[in-house]
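Each remark here refers to the structure printed beneath this line.
Since this is a predicted model, take the numbers as computed values, not measurements. Read the numbers this way: they start at 1 and go in the same order the structure lists the ligands and their atoms.
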Amino acid sequence: MARIAVIGAGMGAMAAAARLAVAGHRVAVYERTETYGGAVRRLERDGFAFDTGPGLLTLPAVYRDLFVKTGKEPLESVVDLVQVDPSTRHVFADGTEADLPNASRAGVVSALDAALGSDAGARWGDFLVRAREAWDRTRRPLLEEPLWPNWSVLADREPYPSVPHKKLLRTRRAGTLAEVGAWELRDPRLVALLESHALAYGLDPRVAPASAAVLPYMEHAFGTWYVRGGMRELARAVYERCVARRVEFHFGVEVTRVLEKDGRAAGLELADGTVAEAEFVVAGVAPEVLSRCVRGTAVREDGGVPPLSGLPSRITVLVALRGGRPEGAAHRTVVHAQDRERELELLFGSSWGLDARPTLTVLRPDDPGVVPGPDHEAITLTATVPAHADRDRPASEVYDDHADALITAAERAVPDIRERLLWREVRVPADIADATGAEGGAVPAPALAAAEGRLLHPANTTGLPGLFTVGGWSHPGGGLPHAGMSGALVAGLIVEGPEFRGSQ
Ligand SMILES: Cc1cc2nc3c(=O)[nH]c(=O)nc-3n(C[C@H](O)[C@H](O)[C@H](O)COP(=O)(O)OP(=O)(O)OC[C@H]3O[C@@H](n4cnc5c(N)ncnc54)[C@H](O)[C@@H]3O)c2cc1C
């Protein structure tokens with residue numbers, strides 16, 4: 001039995017902690033805030049409850065596996081998981097609307113044919129077949145296995161089987177997601193549908209590799225799920241599983257240093273000078289936080305996976321409404337940007353700023369647990385924003401104006417949102433930075449192949465023996481399922497050693 005000290009109580013860190021405790025280790029988690037879950041928080045006010053982090057779950061299998069491996073009670077008996085159907089209602093810039101059913105290729109094809117005209121559905125359906133091939137080729141190395149020592153093969157090879165595209169006398173193949181859209185999907189609404197998946201993870205479709213096709217594929221193939229009561233319930237369940245397995249939690253304690261002895265990680269030093277000795281340290285924090293804790297030591301042994309920088313953040317507007325949720329409301333509506341070029345330039349270009357008509361996600365859960373009564377509705381609006389959009393004006397002013405713009409944009413999904421408004425609260429990048437410790441409130445994306453490795457994340461092992469990294473900032477990257485998988489990988493690497501090659 002080894003002592004294991006975990007930095008941070010985010011989802012990746014807790015997933016590792018529960019698994020390590022079940023393997024017989026003594027695990028203690030040190031969290032700088034007063035609560036668990038990291039980005040997965042809830043705002044409660046006047047009987048309303050809102051997720052301020054992720055609102056939906058994809059790939060629930062990752063958490064099912066965590067609960068099976070760490071105890072007798074399966075995930076479904078500790079949280080109420082429901083499939084969201086339709087998976088998404090899309091409101092396109094030209095006013096066309098399409099409801100896409102959950103996890104049904106035939107259903108999605110006919111919904112797109114009906115909404116966008118014949119052939120659109122078939123083109124999207126054919127794209128999903130190619131996206132599946134990219135998924136089959138990358139699922140193990142990019143989700144279920146530790147980062148390969150020869151990771152550069154993942155950086156060089158594009159797993160998406162793009163369709164040859166003839167232009168003038170040349171034949172080309174899509175290398176970016178935007179090229180997949182322009183050359184294979186062609187309809188601007190299908191392009192918006194495709195690119196909205198990249199934007200939701202903070203990725204620029206113009207430079208994201210074609211392999212980002214796995215993002216819509218994952219949702220399509222494994223469904224979109226809601227946890228009744230809100231996503232915070234999933235964090236609660238993982239925390240309670242940790243506690244049941246005797247993981248010790250210390251809240252309100254900031255880790256300031258990883259101790260080293262004889263060239264190995266030997267424990268932690270906390271802000272008050274207290275020392276916690278351990279044989280292994282697992283860090284579930286952003287890279288800049290870890291670099292501050294590991295002085296003068298190369299924390300990464302991947303030998304070259306470039307650091308992810310300049311990733312955007314999110315703005316979330318939590319809207320309390322009078323009047324019940326109407327029949328036929330979709331759980332999730334994506335209101336597409338009015339002007340794609342402008343949105344991308346403001347988000348990722350040199351003239352960055354806030355777009356008043358961005359790609360906006362509107363969540364309207366059908367859940368009595370998040371409202372004071374049947375005559376009320378709780379709606380969450382989320383958009384991707386640059387991590388430092390508040391550079392020139394006070395954040396409160398910038399985002400307050402922007403929240404109003406987003407409510408106006410949301411009228412395309414909820415026409416009476418203003419008349420019914422009781423109050424609204426805004427969560428900005430600085431709030432995300434408070435919850436997670438990541439600079440500028442940056443949110444990491446899942447690891448993707450190709451693009452010269454720019455979207456791979458550093459390995460879970462580091463240059464300091466005994467120190468491991470977990471969560472969205474390390475392999476296999478950000479998002480609830482990926483962070484959950486990183487917990488399984490780190491537990492495997494500690495329990496089975498460097499030969500561990502992933503769960504079978
Ligand atoms: C607004 C928003 C929307 C999102 N939407 C989605 C979505 O739709 N789908 C999806 O899959 N994912 C989404 N995500 C991302 C997802 O929430 C995260 O990738 C996931 O929760 C994994 O988190 P993590 O394990 O990296 O830990 P984090 O959530 O980053 O938590 C890190 C923890 O470490 C603690 N910590 C930091 N420094 C120290 C220190 N020095 N000492 C002690 N503790 C420290 C922090 O306080 C925090 O608790 C969203 C995130 C945000 C913020």
Quick check: does Arg32 get an N/O under 3.5 Å from an N/O on ligand 1? yes
Does one side chain, of His250 or Glu248, offer a donor that lies under 3.5 Å from an acceptor on the other? yes
Closer than 3.5 angstrom, by distance alone: can the side chain of Arg314 be matched with the main-chain N or O of Ala200 as a donor-acceptor pair? yes
Using a strict 4.0 Å cut-off to heavy atoms of Gly8, name the atoms of ligand 1 that fall inside it. 34 (O), 35 (C), 44 (N)
Under 4.0 Å from a heavy atom of Ala435: which atoms of ligand 1 are those, numbered in the order shown and with their elements? 46 (C), 47 (O), 48 (C), 49 (O)
shortest atom 35 (C) of ligand 1-to-protein heavy-atom contact is with Glu31 OE1, 3.2 Å
Do me a favour and list the nearest non-hydrogen protein atom to atom 13 (C) of ligand 1 with residue, atom name and distance? Pro54 CB, 3.6 Å
Salt bridge present between Glu240 and Arg236 (N-O < 4.0 angstrom): yes
Cys293, any N or O under 3.5 Å of ligand 1 N or O: no
Looking only at protein heavy atoms, which one is nearest to atom 2 (C) of ligand 1, and what is the separation? Gly53 CA, 3.7 Å
Would Arg232 count as a cation-pi partner of Tyr36, with NZ or CZ less than 6.0 Å from the six-membered ring centre and within 45° of the ring normal? yes
Considering the heavy atoms of Gly38, write down every atom of ligand 1 situated less than 4.0 Å from one of them. 29 (O), 31 (O), 48 (C), 49 (O)
Below 4.0 Å from ligand 1: does a non-hydrogen atom of Val470 turn up there or not? no
Quick one: does any side-chain atom of Ser313 pair with a main-chain N or O of Pro386 as donor and acceptor, under 3.5 Å? no
Return the residue, atom name and 0.1 Å-rounded distance of the protein heavy atom closest to atom 11 (O) of ligand 1. Leu480 N, 2.8 Å
Distance under 4.0 Å to a non-hydrogen atom of Val40: what atoms of ligand 1 satisfy this? 21 (O)
For atom 29 (O) of ligand 1, which candidate among Ala39, Ala13, Gly10 provides the closest heavy atom? Ala39
Note, Val227 side chain near Asp80 side chain (heavy atom, < 4.5 Å): no
Tell me whether Arg64 forms a cation-pi arrangement with Trp225, defined as NZ or CZ under 6.0 Å from the six-membered ring centre and within 45 degrees of its axis. yes
Quick one: which ligand 1 atoms are inside 4.0 Å of a heavy atom on Thr52? 1 (C)
Of all the atoms in ligand 1, which lie at a distance below 4.0 Å from a heavy atom belonging to Met11? 21 (O), 25 (O)
Cation-pi check, Arg45 to Phe50: give yes when NZ or CZ is under 6.0 Å from the six-membered ring centre and within 45° of the ring axis, no otherwise. no
Relative to the ring of Tyr239, is the ring of Phe251 parallel (under 30°), tilted (30 to 60°) or perpendicular (over 60°)? tilted
Who's the nearest protein heavy-atom neighbour of atom 25 (O) of ligand 1, and how far? Gly12 N, 2.8 Å
Honestly, for Arg314 the part within reach of ligand 1 (heavy atoms, under 4.0 Å) is side chain
For Gly471, counting its heavy atoms only, list the atoms of ligand 1 lying under 4.0 Å from any of them. 25 (O), 26 (O)
Among all protein heavy atoms, pick out the one at the shortest distance from atom 32 (C) of ligand 1; state its residue, atom name and that distance to 0.1 Å. Gly284 O, 3.5 Å
Will you find, in the side chains of Thr359 and Glu343, an N or O donor that is under 3.5 Å from an N or O acceptor? yes
Any luck finding a side-chain donor-acceptor pair between Thr70 and Arg241 under 3.5 Å? yes
Counting each atom of ligand 1 from 1 as listed, which ones have a heavy atom of Ile7 under 4.0 Å away? 42 (N), 43 (C)
With Tyr160 via side-chain hydrogen bond (donor to acceptor under 3.5 Å, both in side chains) - residues at least two apart: Arg130, Glu184
Looking only at heavy atoms, is any part of Tyr30 under 4.0 Å from ligand 1, and if so is it the side chain, the backbone, or both, or is it neither? backbone
Donor-acceptor contact present, side-chain Thr88 to main-chain His90, <3.5 Å: no
Honestly, for Thr436 the part within reach of ligand 1 (heavy atoms, under 4.0 Å) is both
Identity and separation of the nearest protein heavy atom to atom 41 (N) of ligand 1: Val255 O, 3.0 Å
Give the ring-plane orientation class for Phe222 versus Tyr217, where under 30° counts as parallel, over 60° as perpendicular and anything between as tilted. perpendicular
Judged on heavy-atom distance to atom 19 (O) of ligand 1, which of Ser486, Pro481, Gly479 sits nearest? Gly479
Looking at Ala445, is its backbone amide N or carbonyl O close enough to the side chain of His457 to form a donor-acceptor pair, meaning the two atoms are under 3.5 Å apart? yes
Look at atom 51 (C) of ligand 1 and say which protein heavy atom is nearest, naming residue and atom and giving the distance to 0.1 Å. Val443 CG1, 3.8 Å
So, is Gly437 polar-close to ligand 1, with some N/O to N/O distance under 3.5 Å? no
